[in-house]
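Values below: every heavy atom of this structure, side chains too, minus hydrogens, waters and symmetry copies.
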Amino acid sequence: MVWLLLAPLIGQAQAPTWSVAFQLPAKGNQLLSIDRFDRAYLSDLRQNIIQLDTLGKAVNTFSPPVQGRVAMAEAWSPAKIMVFYDDRQRVQLLDRFLTPLGLADLREYTDGTIRAATLAADDRLWLFDETTFRLLKIDTRVNQAVFENPLELLLDRRQHDITFLREYQSKLYMVDRLSGIYVFDNMGNYQKKLPLPNLTYVGFAGDELYYLAGNQLHFQHLYTLQTRTLTLPEQPQPYRQVLVGDKYLYLLTADTLFAYRWR
């Protein structure tokens, strides 16, 4: 992904010109992911997955045959979309038209409870097992775990709340709400910790990770660790979620989805 904004001095807030591409009623919706074409993916109250184009049109919808709670989804892969249902302990794989490709029952790989899941670059799945406090990598094609890392050797489980996983640029990022972001290589070996507590989700754009805090969008470079902020447009309700694409930025309040075009 090519990042189109020029970074200012470290820590200096930018004041871009905001242009509303569209806004939609979205009460009860949840922003899930964004793909390489700036299409946004949402879930509704019935846990359907909705794909929106950059005009705000719902172009595809996936309605699961059995409802489950969508905990997270990932649409960055050019080949498939992953949807993790935490209450049913299942991962649904979809193609770019939201047509089902396969379904993995995670209880076949562990007796514990999976709290977070994400796609790996090698087409396998990373899982965080909350019960056994392990990082797992499974291969659904051969129905076996190919890697496990007992995290008790690294972390005290009583002082951590793991909420999110994402592999990006050959690194695995594990978000702990209580202390920050733990970074592993693509083999699952621990490398470092980013001290960014009170987060449940992070996104990635170019060589930066981003997160929402108050009415500001914060960026941190993955390699230099330089930071910058964007002050977001004021709205009557606070923003709850954000997704950043090449040309579009999606912001969700309690009842409205706003799409802004970068200039």
Engineer: Between CG of L151 and OH of Y190, what distance do you get to the nearest 0.5 Å?
Structural biologist: 11.0 Å
Engineer: Give a yes or no answer on whether the side chain of D87 reaches the backbone of G68 with a donor-acceptor pair at less than 3.5 Å.
Structural biologist: no
Engineer: Once you measure the plane-to-plane angle for Y260 and F258, does it fall in the parallel (<30°), tilted (30-60°) or perpendicular (>60°) bin?
Structural biologist: parallel
Engineer: Mind checking whether I34 and L31 sit in one hydrophobic cluster, side chains of I, L, V, M, F, W, Y counted as touching below 4.5 Å?
Structural biologist: yes
Engineer: Tell me if a side-chain donor or acceptor on Y201 pairs with a main-chain N or O of V175 at a distance below 3.5 Å.
Structural biologist: no
Engineer: Could you go through D176 and K193, starting from their C-alpha distance and side-chain angles, then the distance that decides it, and tell me whether this counts as salt bridge (Lys or Arg N to Asp or Glu O under 4.0 Å)?
Structural biologist: CA-CA 10 Å; D176 173 22; K193 173 186 172 184; over 6 Å; no
Engineer: So do the side chains of T163 and R115 get within less than 4.5 Å of each other, counting heavy atoms only?
Structural biologist: yes
Engineer: List the steps, then state whether side chain to side chain contact (heavy atoms under 4.5 Å, CB included) holds for L196 with L209.
Structural biologist: CA-CA 11 Å; L196 297 170; L209 65 80; 4.2 Å; yes
Engineer: In terms of hydrophobic clusters joined by side-chain contacts under 4.5 Å, are L94 and L119 together?
Structural biologist: no
Engineer: For residues I138 and R124, report the shortest heavy-atom separation together with the two atoms involved.
Structural biologist: O-CB, 3.1 Å
Engineer: For A254 versus Q237, what's the shortest heavy-atom pair and its separation?
Structural biologist: N-OE1, 3.7 Å
Engineer: Would you confirm whether R39, through its side chain, and T54, through its main-chain N or O, come within 3.5 Å as a donor-acceptor pair?
Structural biologist: no
Engineer: Considering only heavy atoms from C-beta outward, does the side chain of R134 approach that of E152 to under 4.5 Å?
Structural biologist: no
Engineer: How long is the straight-line distance from CG of L32 back to CD of Q241, given to the nearest 0.5 Å?
Structural biologist: 7.5 Å
Engineer: With side chain to side chain contact (heavy atoms under 4.5 Å, CB included) as the test, would you mind laying out the steps for L194 and L225 before giving the verdict?
Structural biologist: CA-CA 9 Å; L194 303 176; L225 302 184; 4.0 Å; yes
Engineer: Should we say atom OH of Y223 is surrounded by more than 12 heavy atoms from elsewhere, each under 6.0 Å from it?
Structural biologist: yes
Engineer: Would you say the side chain of L232 lies within less than 4.5 Å of the side chain of L212, judging by non-hydrogen atoms?
Structural biologist: yes
Engineer: To check you understand the geometry: which heavy-atom pair defines the closest contact between L172 and E167, and what is its length?
Structural biologist: CD1-N, 3.9 Å
Engineer: Quick check for you: to the nearest 0.5 Å, what is the distance between T113 atom OG1 and E130 atom CD?
Structural biologist: 7.0 Å
Engineer: Return the OG1 to CD1 distance between T131 and I114, rounded to the nearest 0.5 Å.
Structural biologist: 8.0 Å
Engineer: Which pair of non-hydrogen atoms, one from P100 and one from Q92, has the smallest distance, and what is that distance?
Structural biologist: CB-NE2, 3.7 Å
Engineer: I'd like to check Y109 versus L125 (side-chain heavy atoms, cut-off strictly below 4.5 Å). Are they in contact?
Structural biologist: no
Engineer: Is there a donor-acceptor pair under 3.5 Å between the side chain of Q169 and the backbone N or O of G206?
Structural biologist: yes
Engineer: Looking at D156, I'd like to know if its CG atom is crowded, meaning that more than 12 non-hydrogen atoms belonging to other residues, nucleotides or ligands lie closer than 6.0 Å.
Structural biologist: yes
Engineer: Measure the CG-CG distance between L257 and L251 for me, rounded to the nearest 0.5 Å.
Structural biologist: 8.5 Å
Engineer: Do L154 and N149 have side-chain heavy atoms sitting under 4.5 Å apart?
Structural biologist: no
Engineer: Shared ILVMFWY cluster between W18 and Y250, side chains joined below 4.5 angstrom?
Structural biologist: yes
Engineer: May I ask whether M72 and F62 are part of the same hydrophobic cluster, defined by side-chain heavy atoms of I, L, V, M, F, W, Y residues being less than 4.5 angstrom apart, directly or through others?
Structural biologist: no
Engineer: State, yes or no, whether a side-chain contact exists between D123 and R141 at a heavy-atom distance under 4.5 Å.
Structural biologist: yes
Engineer: Might you work through the side chain to side chain contact (heavy atoms under 4.5 Å, CB included) test for L165 and L135, ending with a clear yes or no?
Structural biologist: CA-CA 10 Å; L165 284 176; L135 182 64; 4.3 Å; yes
Engineer: Would R69 and R88 count as a side chain to side chain contact (heavy atoms under 4.5 Å, CB included) here? Give the steps.
Structural biologist: CA-CA 8 Å; R69 183 175 59 244; R88 302 190 64 83; over 6 Å; no
Engineer: Please say whether more than 12 non-hydrogen atoms of neighbouring residues, nucleotides or ligands are located less than 6.0 Å from NZ in K57.
Structural biologist: no
Engineer: Kindly work out whether a path of hydrophobic side-chain contacts (I/L/V/M/F/W/Y, heavy atoms less than 4.5 Å apart) joins V142 to F147.
Structural biologist: no
Engineer: So do L106 and F84 actually touch side chain to side chain, heavy atoms under 4.5 Å?
Structural biologist: yes
Engineer: For R46, is there an ion pair with D44 - N to carboxylate O distance below 4.0 angstrom?
Structural biologist: no
Engineer: Taking all non-hydrogen atoms of both residues, which atom of F219 and which atom of E208 are closest, and how far apart?
Structural biologist: CB-OE2, 3.6 Å
Engineer: Please answer whether the main-chain N or O of T253 pairs with a side-chain N or O of R240 as donor and acceptor at a distance below 3.5 Å.
Structural biologist: yes
Engineer: Using the ring of each side chain (for Trp, its six-membered ring), is Y173 parallel, tilted or perpendicular to F204, with breaks at 30° and 60°?
Structural biologist: tilted
Engineer: Between Y210 (side chain) and V244 (backbone), is there a donor-acceptor pair under 3.5 Å?
Structural biologist: yes
Engineer: Can you measure from CG (N29) to CG (L42) and round to the nearest 0.5 angstrom?
Structural biologist: 5.5 Å
Engineer: What are the two closest heavy atoms between S33 and L243, and how far apart are they?
Structural biologist: O-CD1, 3.1 Å
Engineer: Could you go through the ring pair (Phe, Tyr, Trp, His ring centres under 6.0 Å) check for H160 and F128 one step at a time?
Structural biologist: CA-CA 12 Å; H160 292 84; F128 167 67; 9.8 Å; no
Engineer: Backbone N or O of V59 within a donor-acceptor pair of the Q51 side chain at under 3.5 Å?
Structural biologist: no
Engineer: Side chains of M174 and I162: closer than 4.5 Å at any heavy-atom pair?
Structural biologist: yes
Engineer: Verify the distance criterion only: is there a donor paired with an acceptor across the side chains of Y41 and D35 at less than 3.5 Å?
Structural biologist: yes
